[in-house]
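Data first, discussion second: the structure below is written as structure tokens.
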Amino acid sequence: MSASAPYPEFWVRKMRSVFVMFDHDLDGVVKKNDFVDFCIARAKCLLKQEQIDTFKDQINNAWDYFWAGPEKRVNVTLRDYIYNHARTFREPTFQEEQRKWLYVYFDTVADKSGHGYITRKEYEEFLGLFGVHPLSVPPSFEALDTDGDGQISKEEFVNAAVGFFSCTADTPAKLFFGPFLA
């Protein structure tokens, strides 16, 4: 997909859904503080202190790489956000960077028990870090638990997240962050 071609509408809907999760004042701009401070405030209710410290680093890195983009913006419009995430189509290393970030995130924050998988409760807490309502968790959890064993493995988690940001088709990965908001 070239940078000048229009992005598939379904993919744009997914990106818009994540964007509005953090555009709390609905001004069409997500500021770094809208994203980072909101997530850290949520983490203080859901994580242990050592996880909070790791989460702070992870969220700041996520902003810098995935939201701010190479331009290192502190204010990101929906158009900027879509363009930054469309690097998945333009830059061969972008998905690999997503995977690296997600593996670390899984091990240090999402898998609170350290068992190598996420329970429904852990997934509810993971989505809670981003303000997703607990009632949205069951369908998302079931969609990501591709082998039906009642837990989300690291591979299922990472593949679903990368699929959310890179797949232009309607797949179960669309529910990684819960139901669409926009």
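We're numbering straight along the sequence, starting at 1.
Counting heavy atoms from C-beta on, the side chains of Glu155 and Tyr103 come closer than 4.5 Å. In this structure, the side chains of Phe164 and Met15 come closer than 4.5 Å at one or more pairs of heavy atoms. Using a 4.5 Å heavy-atom threshold, the side chains of Asp147 and Ser153 count as separate. No side-chain heavy atom of Lys31 sits under 4.5 Å from any side-chain heavy atom of Val74. Looking only at side-chain heavy atoms (C-beta outward), Val30 and Asn75 stay at 4.5 Å or farther from each other. Two residues are said to be in side-chain contact when any heavy atoms from C-beta on lie closer than 4.5 Å; Cys39 and Ile59 meet this criterion. Residues Val109 and Leu129 are in side-chain contact: their nearest non-hydrogen atoms beyond the backbone lie under 4.5 Å apart. Side-chain atoms of Val36 and Asn60, non-hydrogen and from C-beta on, do get closer than 4.5 Å to each other.
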Worksheet item: For Asp37 and Lys32, what are the C-alpha separation, side-chain angles and deciding distance, and is it a salt bridge (Lys or Arg N to Asp or Glu O under 4.0 Å)?
Response: CA-CA 8 Å; Asp37 292 350; Lys32 184 174 183 177; over 6 Å; no
Worksheet item: Would Asp145 and Arg120 satisfy salt bridge (Lys or Arg N to Asp or Glu O under 4.0 Å), going step by step from the backbone distance to the final call?
Response: CA-CA 10 Å; Asp145 179 18; Arg120 186 180 300 256; over 6 Å; no
Discussion item. Could you go through Thr108 and Phe55, starting from their C-alpha distance and side-chain angles, then the distance that decides it, and tell me whether this counts as side-chain contact (heavy atoms from CB on, under 4.5 Å)?
Written reply: CA-CA 8 Å; Thr108 60; Phe55 184 68; over 6 Å; no
Practice prompt. Test side-chain contact (heavy atoms from CB on, under 4.5 Å) on Phe38 and Asn33 and set out the steps.
Written response: CA-CA 7 Å; Phe38 175 79; Asn33 291 345; over 6 Å; no
Item to complete: Starting from the C-alpha separation in whole Å, work towards a yes-or-no answer on side-chain contact (heavy atoms from CB on, under 4.5 Å) for Tyr105 and Phe157.
Response: CA-CA 10 Å; Tyr105 186 85; Phe157 180 86; 4.0 Å; yes
Worksheet item: Given Glu9 and Arg16, is the salt bridge (Lys or Arg N to Asp or Glu O under 4.0 Å) satisfied, shown in steps?
Response: CA-CA 10 Å; Glu9 180 56 31; Arg16 185 173 39 243; 3.4 Å; yes
Worksheet entry | Worked verdict on Thr77 versus Asp80 for side chain to side chain donor-acceptor pair (under 3.5 Å) | CA-CA 5 Å; Thr77 65; Asp80 297 332; 3.1 Å; yes
Discussion item. Before you tell me yes or no, could you show the steps for Lys112 and Ile118 under side-chain contact (heavy atoms from CB on, under 4.5 Å), namely the whole-Å CA-CA distance, both residues' side-chain angles and the distance that decides it to 0.1 Å?
Written reply: CA-CA 8 Å; Lys112 292 170 80 171; Ile118 299 175; over 6 Å; no
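Rounding to the nearest 0.5 Å gives a distance of 9.5 Å between OG1 of Thr119 and CD of Glu124.
A side-chain donor-acceptor contact under 3.5 Å links Glu156 to the backbone of Thr146. Between the Lys44 side chain and the Ile52 main chain, no donor and acceptor come within less than 3.5 Å of each other. Of the possible polar contacts, one joining the Thr54 side chain to the Glu50 backbone as a donor-acceptor pair under 3.5 Å is found.
Considering Leu144, Leu127, Val162, Asn159 as possible partners of Phe176, the one that fulfils the side-chain contact (heavy atoms from CB on, under 4.5 Å) test is Leu144. Paired with Lys100 under the rule side-chain hydrogen bond (donor to acceptor under 3.5 Å, both in side chains), one option of Glu96, Glu97, Gln98 passes, and it is Glu97.
Looking at every heavy atom in both residues, Ser17 comes nearest to Val20 through O-CG2, 3.3 Å.
Ring centroid separation for the pair Phe126 and Tyr123 comes in under the 6.0 Å cut-off. Ring centroid separation for the pair Phe94 and Tyr65 comes in under the 6.0 Å cut-off. The distance between the ring centers of Trp67 and Phe22 falls below 6.0 angstrom.
The same ILVMFWY cluster, assembled from side-chain heavy atoms under 4.5 Å apart, contains both Ile82 and Phe19. By the rule that hydrophobic residues join a cluster once side-chain heavy atoms approach within less than 4.5 Å of another member, Trp63 and Val29 end up as members of separate clusters. Criterion: ILVMFWY side-chain heavy atoms under 4.5 Å apart, direct or through other members. Under it, Tyr117 and Leu175 are not part of a common hydrophobic cluster.
In terms of the side-chain hydrogen bond (donor to acceptor under 3.5 Å, both in side chains) criterion, Gln51 has no residue partners (sequence neighbours excluded). In terms of the side-chain hydrogen bond (donor to acceptor under 3.5 Å, both in side chains) criterion, Asn61 has no residue partners (sequence neighbours excluded).
With 3.5 Å as the limit, one finds a donor-acceptor pair spanning the side chains of Ser113 and Glu122.
In this structure, Lys174 forms no cation-pi arrangement with Phe10, as its terminal cationic atom is not both closer than 6.0 Å to the ring centre and no more than 45° off the ring axis.
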